[in-house]
Structure formats: C-alpha cells, structure tokens
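Note: hydrogens, waters and symmetry copies are ignored here, and every other heavy atom, side chains too, is used.
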Amino acid sequence: LIADLYDHIGLCYESLSKAKTALKYYKEALSIYEECLPARLWNYENLQQKIRQLPSKKNHDHRSPTAKLKMCSCILSSVLE
C-alpha cells in the first residue's frame, strides 16, 4: 500500500508539471516494490517506463490548477479505499 501511495503521489505531481518531485516519488515506490514484492505481483515495467519518460515528457495538460488538484484528490482517494 505504501508503494502504491508513492506511485500515485508521483502521478499527482506529474499532472501538476512537477517532474522532479514526481520522479522522487516514483523512484521511492520502485525501491519499495523491489524490496518487498516479487516482480510478478506489481507492474514493474509500467513504473520503469514512467521513470524513463518523465524527464523528457512535455506537459500538454491545459486543465486549470483546481481541476488538476481535484484529479489528484480522486487518485489518492481511490488508493485509500
């Protein structure tokens, strides 16, 4: 659950165009996943792809900051349910 939270927090920061902070959370999630779970139990490739693509990813999300924050709230709420 903690690794999932880090992954989703990274997604939130990515959607807010905070790539450096998102990368920090994605790497923390990856570290926890690698330490605690066999690769078959989590989507290793998906998280690795996020980490590889993030530095070169351009933000084309033109939603308002309020809309982005609402989306982040929904993402995090879904993990906690």
Side-chain angles (χ1 to χ4, degrees):
L1 179 62
I2 292 173
D4 290 341
L5 283 172
Y6 278 120
D7 186 16
H8 286 81
I9 291 169
L11 181 62
C12 288
Y13 277 110
E14 183 178 347
S15 73
L16 294 170
S17 303
K18 306 275 188 192
K20 191 180 252 185
T21 305
L23 192 57
K24 177 180 110 176
Y25 281 99
Y26 286 147
K27 286 182 177 181
E28 188 63 34
L30 182 64
S31 174
I32 294 169
Y33 283 137
E34 287 176 333
E35 192 174 314
C36 299
L37 293 173
R40 70 180 188 284
L41 296 179
W42 57 280
N43 197 342
Y44 178 82
E45 283 300 317
N46 184 39
L47 191 51
Q48 283 284 57
Q49 184 177 358
K50 286 180 189 177
I51 290 170
R52 281 193 305 271
Q53 291 178 346
L54 192 58
S56 62
K57 190 173 182 180
K58 301 286 186 218
N59 183 32
H60 299 291
D61 188 348
H62 301 289
R63 290 177 290 174
S64 72
T66 302
K68 290 179 183 181
L69 287 172
K70 284 181 183 177
M71 183 202 63
C72 289
S73 176
C74 290
I75 290 168
L76 294 175
S77 293
S78 70
V79 173
L80 296 173
E81 291 180 345

Nearest-0.5 Å distance that lies between atom CG in L30 and atom CD1 in I51: 4.5 Å
Non-hydrogen atoms of A3 and I32 that approach each other most closely: CB-CG2, 3.6 Å
Reported CD-to-CD1 distance for the pair E28 and I2, which is rounded to 0.5 angstrom: 10.0 Å
Contact check, side chains of D7 and K50, non-hydrogen atoms, under 4.5 Å: yes
Non-neighbouring partners of Y26 that pass side chain to side chain donor-acceptor pair (under 3.5 Å), sequence neighbours left out: E14
Side chain to side chain contact (heavy atoms under 4.5 Å, CB included) partners of T21, counting only residues at least two apart: Y13, K18, Y25
